[in-house]
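These notes are about the structure you will find just below.
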Number of protein chains: 2
Amino acid sequence: MIQKSSTINDVARLAGVSKRTVSRVINGSLSVGDSTRVRVEKIIAELNYSPNTQARGLASSRSYLLGLIYDNPDALYLDDVQRGVLEICSTLGYELVVHPCRYRSETLVQDCLNFINRSKLDGVIVLPPVSELESLALALKNAGRPYVRLTSVSIDEPQHIVVSDDRAAAAEMARYFAQLGHQDIAFISGPQRYKSSTERMEGFKLGLSAYGITLQTERIIEGNNTYETGIECARNLLSQTPLPTAIFANNDQMAAGVLKVAHQMGIAIPDQLSVAGFDDNLLASRVIPALTTIRRPVRQMAQLATTKMIMVIEQNDKSAQQVAAKVAPTLVVRESTAQAAVAVSS
Amino acid sequence: MIQKSSTINDVARLAGVSKRTVSRVINGSLSVGDSTRVRVEKIIAELNYSPNTQARGLASSRSYLLGLIYDNPDALYLDDVQRGVLEICSTLGYELVVHPCRYRSETLVQDCLNFINRSKLDGVIVLPPVSELESLALALKNAGRPYVRLTSVSIDEPQHIVVSDDRAAAAEMARYFAQLGHQDIAFISGPQRYKSSTERMEGFKLGLSAYGITLQTERIIEGNNTYETGIECARNLLSQTPLPTAIFANNDQMAAGVLKVAHQMGIAIPDQLSVAGFDDNLLASRVIPALTTIRRPVRQMAQLATTKMIMVIEQNDKSAQQVAAKVAPTLVVRESTAQAAVAVSS
DNA sequence: TTGTAAGCGTTATCAG
DNA sequence: CTGATAACGCTTACAA
C-alpha cells in the first residue's frame, strides 16, 4: 500500500529538464525561464510532488525543523504557542519538534544542545522560564544556532527576543487598583529568580508610586507561582490586621489560592477584598468570582518569534531585528475587583 | 563557532575498520566481533559521535520522527501527553513533531497525510476527538503508516489503540452518587458525535440502573463540553422543579459552569446539590468547592501508545498487540459532592 | 538560463 | 565476521 512518492528525478524527466532546474524552481530561484518554470510547476502539481526533507537537509545541511524548548508545569498556553508557531512556519515548510525539559536540571543546557544536534534543528524557540537562563542562551550562541527567547525583559539582542511588557502591565494593574480607591494593597510575588516575577513586582510598585502609594514590607510575600503557595501566602496576608483592601498576585494560580482562603475565612470578594491575578489562564474566567487579570498575547508572541527565527535562519538578520520585539499584555477586568470597601479617612 | 560534528567515516578511520562495520555497531547488529565492537564503541564515545539522523533516514527510509495529531485538548493534558510520549521515545532515538489541527476541517485527512509525508514520519499518535475519525484511521492504514489512537472505545485493532475506560469510570461515578443516596440525578452530556460522550453517558446510566435509578429524559441535556454551554445547561436544569439532587457533567469545564449558575442562584453545593465533572483538569481542584471528578492516567496512556507505536515501527506487531491497551480512570472525591440532601420518602 | 558532476552521511547489497 | 561499492534524493559548485 505504501507507494513510493515521486522524486525530483521524476519531475525532471517528465518536464524534460535537468533535476538542477527542478531544484531551482522548488527553491524559487529567479534565474529560471518563465516557460520552463510553468512547465515544471505543472508537472510538480500533477505528480503531487513534494521534496524529500531529509535529502534536502542532508545536501544543504538544514533540517527544516524548528524546536520548542519549554518547562512549564502551568503551560496552559502551550497549545497556543504551538499553534502560533505552526501558523507561521508550516507555510514555509518547517515543522515543529517539541522538547519539554526541567528548568532546574543540572544537565539542562547539555540536554538542549543534544536535542538540537540530534535533529540538526534549524533553530529553537525557548519559553520562559527556561528562556531566562543565560547559560543556555550562551550555549546556543556559541553553537551558532538561531534561537529566539520569549521573556519579559530585553535581555538579548533584538533578533533573539520577543518580550511581553509585564512591567507595564503590572503598572496598569496598579493604576487600576489606585483608581478604585485602594491604598492598602498587598502583593504576592513569584520566585525572585525569575525575571517575570521581578518585572511584575517592579512594575506594580512603580505604578502605585505614581499615586503616592507604597507597598508595606509585610504586605509583600513571595510565593512559588503554585496554587498551594498562593494559599499559604493568602493565609499569612489575611491574618494580618487590618486586612489589606486588595491583593495582586503574580499569577492566576496564586490568585485562585487567595480566593480559596478568603472563602474559607468568610471574606467577601470583591466587597471586602479585591483580588487580581496575571496570565488569564483557563482558571481566571472560570473561578468564582471570575478573576481580574492580565492577558498576554501568547499566540502573537509565538508568531513573532517564529517570524524572527526564520528570518535569521534564512540569513536576514536585519529584517529579523526589525520585526516587533515587544508586545503589550492587557488588563482584563472581571468580577474579583471593586471599589475599595472602606474609606481611609475617618 | 559551528564545529562540524564527526561522522561515521571519522569513527571508521580511527577504529581502523570500514564504515559498514561502524554502522553495524551503531545498529546493534549481532554479527560483529566482540573486540571490534569494543574498539568501535570506544572511539564513538571519545568522539562523542552520534549518527546523522537525516542521512540515516535517507538511506533507510525512516525518519526517527513521531507525529502527534490533536485538536483542542485541555491545556495541561497536552503537556502531559507530550512528556509521556517523549519519556518513551527519546531514549530510543525518536523525536516528536506536533500537528495541531481542526477536527471539523474538511481537509483534515489530507492535511494529516501531507504532514506525515512531508516529514516522512515513522508513525503518528492521534488524540481524541480526532482519533475517533474513521476516515483518518482508514487513510493512515491505507498509507501504511503506523499509528496509535487514544480513545475511549476499542474501535480498532489492539496494536492501533489505547483506550481509557470512560464507561467504567462513569459507572463508578454513578455508584458513588447512588451510595450517597441520590436518586433524582441529572446529566449534562457532551456532543453525541464523540464516542467519549456516549461512553460516559452509557456508563453512567448503566451504573445507575444497577441501583434501580433511571435518568429522566428532561434531566439529560447535551452541552458542547465548554464552560459556556455548561452554564446554559445548568440554567435549564436548575430551573426545573423539583431540583435534581445531583448533576454529573461530561467534563470539568461544564461542571464549573454548573457551579457558577448554582452560585448565582444561591444553591448551596454540596448541601443542596452535588456536582461532579470528568477529566480532573487544572480547574477541578482550584474551583470552589473543589470538584469531585474522574482522572484519566493521561501520561501513562501516552507512554503505552508510544511503546506500541515503536514496536509496530520496528516490525514487532505481535508484541505491540500484547502491550496493555486499556487503562482505568479513577474517581477523585473532593468537596462538590455529599449525601443527598432531602430524603425521598415522606 | 540551463546542465553536469560531485558530494551530504548513512544503510543495503553482495562479495569475500 | 568484515568490507567495497552503490544507492537514498537533493543541493552546491562549476561549467556551458
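Below, chains carry the letters A, B, ... as their sequence lines are ordered, and counting in each starts from 1.
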Quiz item: For A:N27 and B:G33, take the nucleotide of DNA chain D holding the closest heavy atom to each; which residue's nucleotide lies nearer the 5' end?
Solution: B:G33

Quiz item: Is the NZ or CZ atom of A:R62 both under 6.0 Å from the centre of the six-membered ring of A:Y64 and within 45° of that ring's axis?
Solution: yes

Self-check item: Distance in angstrom units between B:K19 NZ and D:dA6 C1', rounded
Solution: 10 Å

Practice problem: Starting from P on D:dC10, measure out to CZ on A:R20 and report it in whole angstrom. | Solution: 13 Å

Self-check item: Within 6.0 angstrom of A:K120 NZ, more than 12 heavy atoms from elsewhere
Solution: yes

Quiz item: Is any side-chain N of the basic residue among B:R299 and B:D79 closer than 4.0 Å to the acidic one's carboxylate O?
Solution: no

Quiz item: Reckon A:S18 has a side-chain N or O less than 4.0 Å from the OP1 or OP2 of C:dT4?
Solution: no

Exercise. Look at the side chain of A:V32 and decide which nucleotide, out of C:dT4, C:dT2, C:dT11, has an atom nearest to it.
Key: C:dT2

Practice problem: Using atom CG of A:D10 as one end and atom C1' of D:dG9 as the other, report the distance to the nearest whole Å. | Solution: 10 Å

Quiz item: Can a salt bridge be assigned to the pair A:E46 and A:K42 using a cut-off of 4.0 Å between side-chain N and carboxylate O?
Solution: yes

Practice problem: Choose from C:dG9, D:dG9, D:dC14 the nucleotide whose nearest atom is closest to any side-chain atom of A:T7. | Solution: D:dG9

Exercise. Could you tell me the separation between the CZ atom of B:R24 and the C1' atom of C:dA12, rounded to a whole number of Å?
Key: 10 Å

Quiz item: What is the distance from CZ of B:R13 to P of C:dG9, rounded to the nearest Å?
Solution: 12 Å

Quiz prompt | Under-4.0 Å salt bridge between A:R83 and B:D71 | solution = yes

Quiz item: Going by the angle between their ring planes, with limits at 30° and 60°, are B:H160 and B:Y147 parallel, tilted or perpendicular?
Solution: parallel

Practice problem: For B:Y64, report the nucleic acid contact type (base, sugar-phosphate, nothing); a contact means any heavy atom under 4.0 Å. | Solution: nothing

Quiz prompt | Sorted by number, the residues of residues 50-63 of chain A with heavy-atom contact under 4.0 Å to DNA chain C | solution = A:L58, A:A59

Quiz item: Quick one: is D:dT11 close enough that its OP1 or OP2 comes under 4.0 Å of any side-chain N or O from A:S23?
Solution: yes

Self-check item: B:I8 side chain, from C-beta outward: closest of C:dT11, C:dT2, D:dC10
Solution: C:dT11

Practice problem: Find the distance A:N9:CG to D:dC8:P and express it as a whole number of Å. | Solution: 9 Å

Quiz item: How many Å lie between NZ on B:K120 and C1' on C:dT10, as a whole number?
Solution: 17 Å

Quiz item: By salt bridge (Lys or Arg N to Asp or Glu O under 4.0 Å), which residues pair with A:E134, not counting sequence neighbours?
Solution: A:R149

